[in-house]
Amino acid sequence: AEDFADQKVQVADVGVAQSRRSLDIWIARHNPNHAVVAGKRSLMEEIGLRATPTTVVLDCNLNVQYKTVGLWSRDTKAAVYNAVELTLATQECDVPDDNGDIEPFALEQHNADGPETIFASEDHPDTIFVFEVFQTLCGACNVNAPNVNDLAARYADAAVKVLDIGYLQNPRELAQWISRHDPNHPVLAGTLPFLERLNVRATPTTLIFDQNLKLAYTHVGVWDDPTRTAIEEVIDGLLAPEEEEPVEDEPVEDEPVEEE
């Protein structure tokens, strides 16, 4: 995960038929720097899982490019790395017909101060929205949480709303996230139709939408320094008013004065 952290590669530990307690024990024991997710049996059957550990490399369209069973030898590690690098170089991702823009949205907020628990974009006109799509058991999401808090603090007085969007997280998982990171910005429960509209395929995913809810920026993974700089540049550019080109006055020719 560390070797491919700066590339569009999402490494995930997938627990097969593991309880939440079992996943928590795994995380406490190994402190993964990547996502840890509960694998559904349907997914396991789809990729042909027969034993553990099984390592699978999927392309951006979720097609299997490489699979191996057992501990990694030196040759196995080289084969996995080669498969990832070859997939990065040759894959062609299916791109949605749309451009990623979204409609006005309203989602349940789980850390609201008052009785109102619905966050609606229409209540925040002319606002830039920064989405951080996360999962509570995603190691990279937890690593990136302080970066998101810092961004929210940086733009607290601007027309910018930073939002944590839980990827199919239940209220208990969202409460754990809030308790763990104490976000200084809203934490919302992402619904399946809304998440499908975002076309998120991995967590954490960061998306920036302009004042018209048009997609302006996307990033997958933990933010490094260049990513933080890029995010701030996008937001600052959207906040800056467009400069109008000066209109040059056309020269006025003096009309000849007739002599009497």
Side-chain angles (χ1 to χ4, degrees), residues 5 24 27 31-36 102 104-191 194-195 198 200 202-213 215-240:
D24 288 341
I27 293 169
N31 190 26
N33 60 355
H34 50 275
V36 178
I102 59 173
F105 61 91
L107 298 172
E108 186 176 1
Q109 181 175 347
H110 282 251
N111 61 339
D113 293 330
E116 183 57 53
T117 59
I118 299 299
F119 183 97
S121 60
E122 292 183 335
D123 294 336
H124 305 275
D126 300 321
T127 297
I128 298 164
F129 292 99
V130 181
F131 293 173
E132 178 73 358
V133 185
F134 73 93
Q135 291 177 305
T136 304
L137 292 179
C138 162
C141 300
N142 286 279
V143 170
N144 205 48
N147 294 328
V148 182
N149 275 351
D150 290 345
L151 186 77
R154 178 183 178 89
Y155 292 99
D157 297 326
V160 177
K161 281 292 181 182
V162 177
L163 307 173
D164 281 353
I165 310 289
Y167 190 94
L168 301 180
Q169 303 289 278
N170 61 39
R172 179 173 173 271
E173 290 168 324
L174 293 171
Q176 288 176 343
W177 180 265
I178 293 167
S179 174
R180 184 180 301 159
H181 299 293
D182 190 23
N184 57 0
H185 51 277
V187 177
L188 312 182
T191 61
F194 182 73
L195 293 167
L198 297 180
V200 172
T203 56
T205 292
T206 306
L207 305 104
I208 301 177
F209 293 89
D210 70 9
Q211 294 88 335
N212 298 310
L213 296 181
L215 184 62
Y217 178 86
T218 303
H219 175 78
V220 179
V222 177
W223 303 353
D224 55 14
D225 289 339
T227 302
R228 278 190 289 268
T229 299
I231 289 171
E232 292 171 4
E233 287 178 349
V234 170
I235 295 173
D236 292 342
L238 293 174
L239 286 171

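Everything numeric here is computed off the predicted structure, so don't read it as measured data.
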Contacts of T136 meeting side-chain hydrogen bond (donor to acceptor under 3.5 Å, both in side chains) (sequence neighbours excluded), chain-then-number -> Q169
query: Does the side chain of P204 come within less than 4.5 Å of V220's, by heavy atoms?
result: no
Quick note, salt bridge (Lys or Arg N to Asp or Glu O under 4.0 Å) partners involving residues 137-153, not counting sequence neighbours, are none
So CG of L151 and CD1 of I231: to nearest 0.5 Å the spacing works out to 6.5 Å
Those residues at least two apart in sequence (or on a different chain) that pass side-chain hydrogen bond (donor to acceptor under 3.5 Å, both in side chains) with Y155 are D236
Sorted by chain and number, sequence neighbours left out, ring-ring contact (aromatic ring centres under 6.0 Å, His included) with H110 holds for none
Contacts of N142 meeting side-chain hydrogen bond (donor to acceptor under 3.5 Å, both in side chains) (sequence neighbours excluded), chain-then-number -> R180, H181
So CG of N212 and CD1 of I102: to nearest 0.5 Å the spacing works out to 11.5 Å
Taken in chain and number order and not counting sequence neighbours, the residues that satisfy side-chain contact (heavy atoms from CB on, under 4.5 Å) with A120 are A106, D123
Side chain to side chain, L213 and P104, heavy atoms closer than 4.5 Å = yes
Residues at least two apart in sequence or cross-chain that pass side-chain contact (heavy atoms from CB on, under 4.5 Å) with D224, listed by chain then number, are D6, P226, T227
| task | Give a yes or no on whether the backbone of H124 and the side-chain of T127 come within a donor-acceptor separation of less than 3.5 Å. | result | yes
Checking F119 against L107 for the side-chain contact (heavy atoms from CB on, under 4.5 Å) test, could you report, in this order, the C-alpha distance in whole Å, the side-chain angles of both residues, the deciding distance, and whether it holds?
CA-CA 5 Å; F119 183 97; L107 298 172; 5.6 Å; no
Backbone of H185 reached by a side-chain donor or acceptor of N111 within 3.5 Å: yes
**Asked** Within a strict 4.5 Å, meaning less than it, do heavy atoms of the V143 and N33 side chains meet?
**Response** no
Check whether any side-chain heavy atom of I208 lies under 4.5 Å from a side-chain heavy atom of L238, and answer yes or no.
-> yes
The reported gap from CG in L137 to OG1 in T203 (rounded to nearest 0.5 angstrom) is 10.0 Å
Check against side-chain contact (heavy atoms from CB on, under 4.5 Å), N149 and V162:
CA-CA 9 Å; N149 275 351; V162 177; over 6 Å; no
Residues 158-172 vs salt bridge (Lys or Arg N to Asp or Glu O under 4.0 Å), sequence neighbours excluded, gives none
- Task: Quick one: do Q109 and T117 satisfy side-chain hydrogen bond (donor to acceptor under 3.5 Å, both in side chains)? Show the steps, please.
- Result: CA-CA 5 Å; Q109 181 175 347; T117 59; over 6 Å; no
Contacts of F129 meeting ring-ring contact (aromatic ring centres under 6.0 Å, His included) (sequence neighbours excluded), chain-then-number -> F105
Looking only at heavy atoms, the pair that brings A152 and N184 closest together is CB-OD1, 3.3 Å
D225 meets the salt bridge (charged side-chain N to carboxylate O under 4.0 Å, His left out) criterion, sequence neighbours left out, with R228
Margin query: With side-chain contact (heavy atoms from CB on, under 4.5 Å) as the criterion, how do V130 and T206 come out once you've worked through the C-alpha distance, each side chain's angles and the decisive distance to 0.1 Å?
Written below: CA-CA 7 Å; V130 181; T206 306; 4.1 Å; yes
So the salt bridge (Lys or Arg N to Asp or Glu O under 4.0 Å) pairs with at least one residue in residues 128-149 (sequence neighbours excluded) are none
>> Would F131 and F194 count as a ring-ring contact (aromatic ring centres under 6.0 Å, His included) here? Give the steps.
In response: CA-CA 12 Å; F131 293 173; F194 182 73; 5.8 Å; yes
With a 3.5 Å distance limit and no angle check, can you tell me whether E173 reaches the backbone of N170 through a side-chain donor-acceptor pair?
yes
Q.
For a side-chain contact (heavy atoms from CB on, under 4.5 Å) check, start with the C-alpha distance between L174 and F134, then their side-chain angles and the critical distance, and finish with the verdict.
A. CA-CA 10 Å; L174 293 171; F134 73 93; 3.7 Å; yes
Rounded to the nearest 0.5 Å, the OG atom of S121 sits from the CZ atom of F209 at a distance of 11.0 Å
Those residues at least two apart in sequence (or on a different chain) that pass salt bridge (charged side-chain N to carboxylate O under 4.0 Å, His left out) with E233 are none
